[in-house]
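If you read the sequence from its start, that first residue is 1, and numbering goes on from there.
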Amino acid sequence: MELDLSGLDDRVFDALAETAKRRYIYMCNMKTNVSRWSKNAVEYFGLPGEYFKDAERLWADYVHPDDRQHYLDDIQAVLSGKKKYHDVEYRAKNKDGNYVVCSCRGVIVRGENGEPDLFAGTLDNHGLLDNVDPVTNLYNGYAFLNALRAYCTAGAEGLIMAVGINEFTNVNAIFGYALGNQILSKFGDQLYRFVKNEGCGTLYRMDGAKFAVCAPHMNEAGAERLYAQIREIAHRKIWIANRQIPLTVSAGAVLARNFSGDEYAIQASVISALRRSKQERFGRLVFFDNEQADSARKDLELMEALQKSIVNHCEGFYLCYQPIVLADSGKIVGMEALLRWNKEPYGEVPPGRFIPWLENDLHFYELGRWILRQAITDAAVVLEQRPDFFVNVNVAYTQMERAGFRDTVLELLRELRFPPQNLHLELTERCRSLRIDYLQEEMQYFKSCGIRMVLDDFGIEGSSLELLGNLPIDHLKIDRSFVSEIESDPVQQTIVEAVLNCAEKLRIQTCIEGIETDPMRRFLLQYPASFHQGYFYSRPVRFERFLQLLEA
C-alpha cells in the first residue's frame, strides 16, 4: 500500500536532516498518521524506512522498557493539550541492540483553522559524540578511541604516542585561564602542522593538557625521532602575543603490533607509560612494556565491571555524604554527595581509582543522573526539619557538555519537588576545559533557575583568579592542597588569604576543604571563609549515619 506523503515532502526537511549527524529530524502528518524521519536516524536505529505509519507505537518498541511508559505518557500529555511541548529523555535501542540516551523534543503545528496539522521535532542521540575538540580544533578523545578500535579490528601495525604538557597547573596560574587555552591551541596547531608535513600520522587532543599521535608503520627509532621534534616545538615554537612560552613535555608510547587487546586497553597502556615518563623518567619517552600488561589488564576488567554496573541500574554504587559547616560555629548547614562503589569480586574500590575513568566514559551520564536523583531524595528528608539545608553534587564534563543536561536537572527537581536554591552544582576540574562562552551560558541558565553554582578544587589544574571574574559563581571551594601545611607555610597562607579576599570582594561565598585537625581549624578562623569541610568534622558517611550527625 502506497503511503500518503502529503505535507512531508519538504526541501527544508531534507536540508536540516542532512546537516545534523547526531540530531535527527522527524515530522508526522497527524491526519494521515504517516511520519518522516532523517535518513541518519533510519540507518542508526534500523527503522523500517524514511516514511512509515504509526510512529508513536513503532518507536515505543525501540525505547527501553523501563523508560517506555514515561515516553508514552509525555506523548499523550501533548496530544491531549496538557503540555505544549513534547520534552523527554530516554534510552533507545539502535540496530546493534545497544541502548543509547536520547533527548526528544517536539511540538504540534496547527493549520489555518487551528486543527492539529503536523507533529514535528528533533531527537538528539547522545550515543554519538562530536569528534572535534573546541579549543584546538583537533580530533578529540572520542575520535582517538575510534582510531584505536580501527587499529585493533584491522590488526594494524604502528605506534600510539601520548604527549602531556608538564605542570600545566602553573601555566594556568601564571598566564590565566583564557591564555592557557591559547597556549593549548597554539601547541596543538604547531604539532598538527609538523605531523601533517611529515606524513607520520594523525594528531588528537585528549583530556586536559594531553595530546596523542597515531602513527602507522612507525618503529621505536622513528618514535624517538618524532618525540625529539615534539620537545623542540614545545620548548622553542610557542609564541603568544610576541612572547615565547617555553613548555616541557612528557610522553608514553605503545607499539600496536606487540599488543593484544581492545582500544581501552591500548589507551590505558599509553597513559600508564606517559605517567611513568612524567613521574620517573624526567620527561624521556617511555614505552609500555610487558611488566605493565597485568596491571593494565586488571584496570580494563575493573572498567568493564563498572560499566556493567551502570547499565544494570547502577548496581553496587552508593553515596556517602560529608558535612559542610559554618566556619565560625561549626554548625552543619549542608552536605556534599560523594560516589562510592562496592561489588564482588572487587570489594570496596577507592573512588580515586575509578572516578577519573568514569568521568570520561559515555556511561557516566546515566550514572550522573542516578547520583542527582539519590542526592536530592536524601536531602529532601533533611529539608523537612531544616529548610535552609543544601546539598552539593559534583557535575562531570560528560554531563555539562550535553545540551539536554539542563532539562535532566530541572525534570528531577520538578519530579521530586525539591527547591532549586537548595541544590548546589559543583563543577569538577575537567568542566573548565569547555569553551568559556558555553560554560558561562550554562551556568547562567542554572543560576536563573535558582540553582547555586560552585567552582570545585580551586587552585588545581585549569583554574586561576581570572575564573572568578569570568564565570557566574556563587560558591568557591579551595582545594585541600592549599591548606595542608598552612599553619607553617607562608606561601600557602599568602595564597589562601589572597583568594579569600578576592572572593569576598566579588561577593562569592567560600569553603575551605581538607580541614583535618582542631589546630588547623583554629588557625583558619582568621581568614574570611564562609564554610569549612574536612575530616575534622566528619569523614564521608552513609546517609543514615549523616542523620545521626545532624541530631548530635
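For the residue pair Y24/N40, the side-chain donor-acceptor check at 3.5 Å is not satisfied. In the model, E56 has no side-chain atom that pairs as donor or acceptor with a side-chain atom of N33 under 3.5 Å.
Atoms CD and CG, on Q307 and N312 in that order, are 13.5 Å from each other to the nearest 0.5 Å. With rounding to the nearest 0.5 angstrom, the CG atom of D388 is 9.0 Å from the CD atom of Q421. Atom CD of residue E366 and atom CD of residue Q399 lie 10.5 Å apart, to the nearest 0.5 angstrom. If you take SG on C104 and CG on D407, they are separated by 12.0 Å, rounding to the nearest 0.5 Å. Separation of atoms CE (M206) and CG (N140) is listed at 10.5 Å; rounding is to 0.5 Å. Rounded to the nearest 0.5 Å, atoms CG (L306) and OH (Y346) are 8.0 Å apart.
In this structure, D378 and F543 approach most closely via the heavy-atom pair O-CZ, 3.1 Å. Listed here is the closest heavy atom pair of P472 and M453: O-CB, 3.9 Å. Of all the heavy atoms in Y321 and A375, the pair that sits closest is OH-CA, 3.5 Å. Minimum interatomic distance between W341 and S309 (heavy atoms only, all atoms of both residues): NE1-OG, 3.2 Å. A pairwise comparison of heavy atoms in R68 and A60 identifies NE-O, 2.7 Å as the closest pair. Counting all heavy atoms, side chain and backbone alike, Y71 lies closest to A55 at OH-O, 4.4 Å.
Around the CD atom of Q385, the shell of radius 6.0 Å holds no more than 12 heavy atoms that belong to other residues, nucleotides or ligands. Applying the 6.0 Å contact sphere to CD of E43 captures no more than 12 heavy atoms from other residues, nucleotides or ligands. Applying the 6.0 Å contact sphere to NZ of K93 captures no more than 12 heavy atoms from other residues, nucleotides or ligands. Annotation: Y318, atom OH; neighbour count of heavy atoms from other residues, nucleotides and ligands within 6.0 Å is above 12.
Between the side chain of S538 and the backbone N or O of G534 there is no donor-acceptor pair closer than 3.5 Å. Remark: the backbone N or O of R373 is paired with a side-chain donor or acceptor of T377 at under 3.5 angstrom. Checking side-chain atoms of Q533 against main-chain N and O of I515 turns up no donor-acceptor pair under 3.5 Å. The backbone N or O of L476 sits nowhere less than 3.5 Å from a side-chain atom of T510 that would complete a donor-acceptor pair. Of the possible polar contacts, none joining the S185 side chain to the Q182 backbone as a donor-acceptor pair under 3.5 Å is found.
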Does the pair D479 and S481 meet the rule for a side-chain hydrogen bond (donor to acceptor under 3.5 Å, both in side chains), with working shown?
-> CA-CA 5 Å; D479 186 68; S481 62; 2.6 Å; yes
Could you walk me through whether N422 and V391 pass the side chain to side chain contact (heavy atoms under 4.5 Å, CB included) test, one step at a time?
-> CA-CA 6 Å; N422 296 81; V391 59; over 6 Å; no
E115/K31 under salt bridge (charged side-chain N to carboxylate O under 4.0 Å, His left out): CA gap, chis, key distance, verdict = CA-CA 10 Å; E115 291 296 315; K31 297 175 182 176; over 6 Å; no
Is there a salt bridge (charged side-chain N to carboxylate O under 4.0 Å, His left out) between R91 and D67 once you walk through the steps?
-> CA-CA 7 Å; R91 292 161 290 179; D67 303 337; 2.8 Å; yes
Test I332 against F389 for side chain to side chain contact (heavy atoms under 4.5 Å, CB included), laying out the working first.
-> CA-CA 9 Å; I332 298 176; F389 187 85; 4.2 Å; yes
Show your working on side chain to side chain contact (heavy atoms under 4.5 Å, CB included) between L72 and W59 and close with a plain yes or no.
-> CA-CA 10 Å; L72 291 171; W59 181 245; over 6 Å; no
Step-by-step side chain to side chain contact (heavy atoms under 4.5 Å, CB included) determination, E441 to Q444 = CA-CA 5 Å; E441 183 180 341; Q444 194 59 56; 5.9 Å; no
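For the pair R452 and D474, the salt-bridge criterion is not met [side-chain N within less than 4.0 Å of a carboxylate O]. The residues K477 and E426 are annotated as salt-bridged, a charged nitrogen and a carboxylate oxygen being separated by less than 4.0 angstrom. Taking the charged nitrogens against the carboxylate oxygens, E315 and K308 have no contact shorter than 4.0 Å, which rules out a salt bridge.
By the 6.0 Å and 45° rule, R539 stacks over the aromatic ring of Y535.
Side chains of V454 and L425 form no contact here, defined as non-hydrogen atoms less than 4.5 Å apart. Contact of the P540 side chain with the R340 side chain is registered, since non-hydrogen atoms from C-beta on lie closer than 4.5 Å. Looking at heavy atoms from C-beta onward, N392 lies out of side-chain contact with D456 at the 4.5 angstrom threshold. In this structure, the side chains of M335 and F546 come closer than 4.5 Å at one or more pairs of heavy atoms. Side-chain contact check for L427 versus N394: every heavy-atom pair is 4.5 Å or farther apart. In this structure, the side chains of F317 and L339 come closer than 4.5 Å at one or more pairs of heavy atoms. Using a 4.5 Å heavy-atom threshold, the side chains of L500 and I512 count as touching. Side-chain contact between N125 and R23 is absent, with no heavy atoms from C-beta onward closer than 4.5 Å.
Remark: of the listed residues D87, D124, D74, D87 is the sole one forming a salt bridge (charged side-chain N to carboxylate O under 4.0 Å, His left out) with R105. When each of E401, E411, E442 is tested with R406 by the rule salt bridge (charged side-chain N to carboxylate O under 4.0 Å, His left out), just one qualifies, namely E442.
For F45 and W37, the ring centers are positioned 6.0 Å apart or more. Here Y204 and F211 keep their ring centres 6.0 angstrom or further from each other. Annotation: Y62 is not in aromatic contact with Y90 [ring centroid separation under 6.0 Å not met].
Aromatic ring pairs are classed by plane angle as parallel below 30°, tilted from 30° to 60° and perpendicular above 60°; the pair Y365 and F405 is perpendicular. Ring geometry for F390 against H424 counts as parallel: the plane angle stays under 30°, on a 0 to 90° scale with 60° as the upper cut.
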